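Data first, discussion second: the structure below is written as structure tokens.
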Amino acid sequence: MSAFSEPVPLEGERVVLRPLTADDTAAPAEGHLPQRDGTGAHFAVTDRDSGTPAGTIDLSRVDASRQTCEVGFAIRPSWRGRGFATEALTLVSQWALRACGLHRVELRAPGTDHACQRVAEKAGFRREGVARGAGRGPDGRPHDQVVFGLLRTDLDDTPRADPPRLVGLGVGPGDPELVTAKAVRILGEADVVLVPVMALDEEGRAESVVRTYTGKAERVVFALNDRGGVTGRRAAAWDGAADRVLRAFADGARTVAFATIGDPNVYSTFTYLAQTVRERRPDTVVETVPGITAMQDLAARSGTVLAEGAESVGLVPLTGGVAAFRDALDACDTVVAYKFGSVADEVIGTLKDAGRLDDAVYGARLGLPGEDVRPARDIGGPVPYLSTLIVPGRRTTRGGKIV
Ligand SMILES: C[S@@+](CC[C@H](N)C(=O)[O-])C[C@H]1O[C@@H](n2cnc3c(N)ncnc32)[C@H](O)[C@@H]1O
């Protein structure tokens, strides 16, 4: 019986290891015939971007009582020099030791194959000695093998080469089709995916998008509906979410993704989470993946041009009242309002006074059930928190704003 759990795709930055197919074995990479002895795990090493097979790697000669196995690999000549072998060897041996319960992975490199020996060392294997005459060369004559070993305990001793990574993923306003290919890739490769929710028993807005692509979304509570500055609840929620991220890193996670609606650099809770994590774990690499913002989505759904020629665009959150909105109508050509649910009537009054009501468009729950897009003059009564307003610049002639 195989010592390995069902081989799963193993994903790295440059390669993906997937189970071998008949096509892969029909054209094996030079110098390496995957062993089919029923006790191993056999993978095609594929280029992450194109999916093209670049070689093979397999774990074989499993000794269940000693919890050991051997590893062998080959990368096709045209794919060499890109670090594929090192990454594939690291992925597969760490999988064997961490996920499959083995204690030792052994690699035997021909004494003359210095490239293979370098790959072993770069993947963290230790050189243990030379087995004289243990191999047989292509000429049929015995040759020496350099024996390398990697133990489960070596992994614990080895300081992590890569710093932990926290990625703020913009997943757009609500329509799962408005998620970038990069965000989808990172959702797949992240060890942990966190989604902000108001309560643990309620699905979050980012979560409903993320669930289209992965089942691994885990809820963290944020005081998303609090008003009035840095409330105690807000600060406690940032700390709690940071605790969860740091615990994931301590448990071995390399990438934690935090999904946020729209763009992570536009009025997002991610900003505060990232700041807290950075303070408490300064070696964390923080990255963001841009997302489509609510204003872009409303522009598209309502057929409104956000800016042309030399026009300026002002984006104003109205949690502090309409004064900033009034100023923006004077200062900018196009004005976008966010977070104006509590002052919608005043916003409409301001637009009327400024003679700008007729061109303005309103959109609520964009991309979500109950989406509502209409001219702003048709708004009556209170509007939901997820509402966006665009007041386009005044345009009279084609190209009139080009200078
Ligand atoms: C905390 S901000 C988040 C902004 C978001 N990060 C972005 O890039 O668009 C929340 C505000 O964004 C706007 N918003 C976000 N998602 C929306 C949606 N699906 N429909 C309408 N407005 C939305 C609303 O104005 C809401 O009050």
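For the numbers below, each heavy atom of this structure counts, side chains included, while hydrogens, waters and symmetry mates do not. Computed from a predicted model, the values in this text were never measured in an experiment. In listed order, ligands and their atoms are each counted from 1.
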(message) For ligand 1 and Ala294, I'd like to know whether there is a polar contact (N/O to N/O, distance under 3.5 Å).
(response) yes
(message) For Arg281, is there an ion pair with Asp283 - N to carboxylate O distance below 4.0 angstrom?
(response) yes
(message) I want to know if ligand 1 touches Pro173 in the polar sense, i.e. an N/O pair below 3.5 angstrom.
(response) yes
(message) Donor-acceptor check, side chain of Asp263 to backbone of Ile292, threshold 3.5 angstrom: yes or no?
(response) no
(request) Measure the spacing between CD of Glu346 and CZ of Arg326 and express it to the nearest 0.5 Å. (result) 7.5 Å
(message) Could you measure the distance from the CG atom of Asn265 to the OG1 atom of Thr293? Nearest 0.5 Å is fine.
(response) 12.0 Å
(request) Would you check the N or O atoms of Ile261, main chain and side chain alike, for any that come under 3.5 Å of an N or O of ligand 1? (result) yes
(message) At less than 4.0 angstrom from any non-hydrogen atom of Thr293, what atoms of ligand 1 do you find?
(response) 8 (O), 9 (O)
(request) Select the closest option to atom 10 (C) of ligand 1 among Tyr338, Tyr267, Phe270, Tyr385, judged by heavy-atom distance. (result) Tyr385
(request) Please indicate whether any nitrogen or oxygen in Val266 is less than 3.5 Å from any nitrogen or oxygen in ligand 1. (result) yes
(request) Provide the number and element of each atom of ligand 1 under 4.0 Å from a heavy atom of Lys339. (result) 1 (C), 2 (S), 25 (O), 27 (O)
(request) Tell me which protein heavy atom sits closest to atom 21 (C) of ligand 1, plus the residue, atom name and distance to 0.1 Å. (result) Leu386 O, 3.1 Å
(request) Report yes if Ser268 has an N/O atom closer than 3.5 Å to an N/O atom of ligand 1; otherwise report no. (result) no
(message) Just to confirm my output: which protein heavy-atom neighbour is closest to atom 20 (N) of ligand 1, and how far is it?
(response) Leu366 N, 2.9 Å
(message) Quick test of your reading of the model: are Glu13 and Arg254 salt-bridged, counting only N-O distances below 4.0 Å?
(response) yes
(request) With rounding to the nearest 0.5 Å, note down the distance linking CD in Gln117 to CZ in Phe125. (result) 13.5 Å
(request) Salt-bridge test for Lys182 and Glu287: reply yes if a basic N is under 4.0 Å from a carboxylate O, no otherwise. (result) no
(message) Given Pro317, Ser387, Pro264, Gly262, identify the one with the heavy atom nearest to atom 24 (C) of ligand 1.
(response) Ser387
(request) Mind checking whether Met295 contacts ligand 1 via backbone (N, CA, C, O), side chain (CB onward), both or neither, at a 4.0 Å heavy-atom cut-off? (result) neither
(request) If the plane angle is over 60° it's perpendicular, under 30° parallel, otherwise tilted; pick one for Phe43 and Trp95. (result) perpendicular
(message) List ligand 1 atoms under 4.0 Å from Gly363, heavy atoms only on the residue side.
(response) 21 (C)
(message) Looking at Tyr267, I want to see if its OH is surrounded by more than 12 non-hydrogen atoms of other residues, nucleotides or ligands under 6.0 Å.
(response) yes
(request) Report the nearest protein non-hydrogen atom to atom 8 (O) of ligand 1: residue, atom name, distance rounded to 0.1 Å. (result) Asp263 N, 2.8 Å
(message) Distance check, rounded to the nearest 0.5 Å: Arg165 atom CZ versus Thr284 atom OG1?
(response) 12.5 Å
(message) So for ligand 1, is Thr388 a polar contact partner (N or O within less than 3.5 Å, distance only)?
(response) yes
